[in-house]
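The residues of the chain are indexed from 1 along the displayed sequence.
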Amino acid sequence: MCVGVPCKVLAVDTAGGPLPMATISLAGAEQQVCTAYLPELAVGDYVLVQNGFAMSVLSEAEALESIAAWQSLGVLGADGTAAESAAAVFPLLGHDPAVAGTPATSAKESR
């Protein structure tokens with residue numbers, strides 16, 4: 001089963017790497033995701049992320065409704081920014097920010 005997580009796009013990487021990437025925000029933490037499926041993506045958009053890929057663009061209303069559902073399940077805190085909530089959700093995105101070589105740490109290591 002795939003789980004899609006709504007995230008807000010903070011930055012779109014225009015450096016022209018091998019895969020198009022964007023920085024998204026989830027529960028107050030930042031994460032890198034591949035945007036190969038969404039060439040029209042822009043900063044401020046909400047996207048549904050599955051396994052490290054932005055799969056579709058959501059309206060703000062759809063994203064906020066989905067975030068509210070995650071909060072009602074106790075996965076995200078009421079304020080949506082609890083660090084432990086982000087740590088619980090990042091594995092659902094297909095990333096582990098604590099493990100070197102995953103997109104979250106690779107971008108920082110390459111700088």
Side-chain angles (χ1 to χ4, degrees):
M1 179 173 97
C2 293
V3 177
V5 181
C7 303
K8 188 168 187 174
V9 176
L10 301 178
V12 177
D13 182 4
T14 58
L19 291 174
M21 302 294 285
T23 303
I24 53 95
S25 174
L26 172 65
E30 295 180 8
Q31 177 74 37
Q32 292 285 308
V33 296
C34 180
T35 61
Y37 301 128
L38 301 173
E40 74 280 5
L41 195 65
V43 171
D45 285 345
Y46 284 91
V47 293
L48 191 64
V49 175
Q50 294 177 321
N51 297 316
F53 288 84
M55 301 300 289
S56 60
V57 177
L58 302 172
S59 70
E60 184 174 11
E62 291 170 322
L64 295 177
E65 182 179 349
S66 183
I67 290 168
W70 282 95
Q71 290 170 330
S72 72
L73 294 170
V75 176
L76 293 176
D79 64 358
T81 59
E84 55 274 0
S85 296
V89 175
F90 276 137
L92 299 175
L93 298 176
H95 301 296
D96 184 350
V99 176
T102 63
T105 55
S106 296
K108 293 176 184 170
E109 291 170 356
S110 65
R111 291 183 193 162

| In terms of side-chain heavy atoms, does Q31 have a donor or acceptor partner in T23 at a distance below 3.5 Å? |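 No, no side-chain donor-acceptor pair sits under 3.5 Å.
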Looking only at non-hydrogen atoms, find the nearest pair between [X] and [Y] and report the distance.
{"X": "E40", "Y": "D45", "answer": "O-OD2, 4.3 Å"}
{"X": "L48", "Y": "P6", "answer": "CD1-N, 4.1 Å"}
{"X": "V43", "Y": "A11", "answer": "CG2-CA, 3.9 Å"}
{"X": "L10", "Y": "S25", "answer": "CD1-CB, 3.7 Å"}
{"X": "T35", "Y": "M21", "answer": "OG1-N, 3.7 Å"}

| remark: side chain to side chain contact (heavy atoms under 4.5 Å, CB included) test vs V9 passes for just one of L41, V33, L38, namely L41
Using atom types as modelled, flag every donor-acceptor pair under 3.5 Å from a side chain in residues 59-69 to any protein atom, sequence neighbours excluded.
| from | atom 1 | to | atom 2 | distance (Å) |
| --- | --- | --- | --- | --- |
| S59 | OG | E62 | N | 3.1 |
| S59 | OG | E62 | OE1 | 3.3 |
| E62 | OE1 | S59 | N | 2.8 |

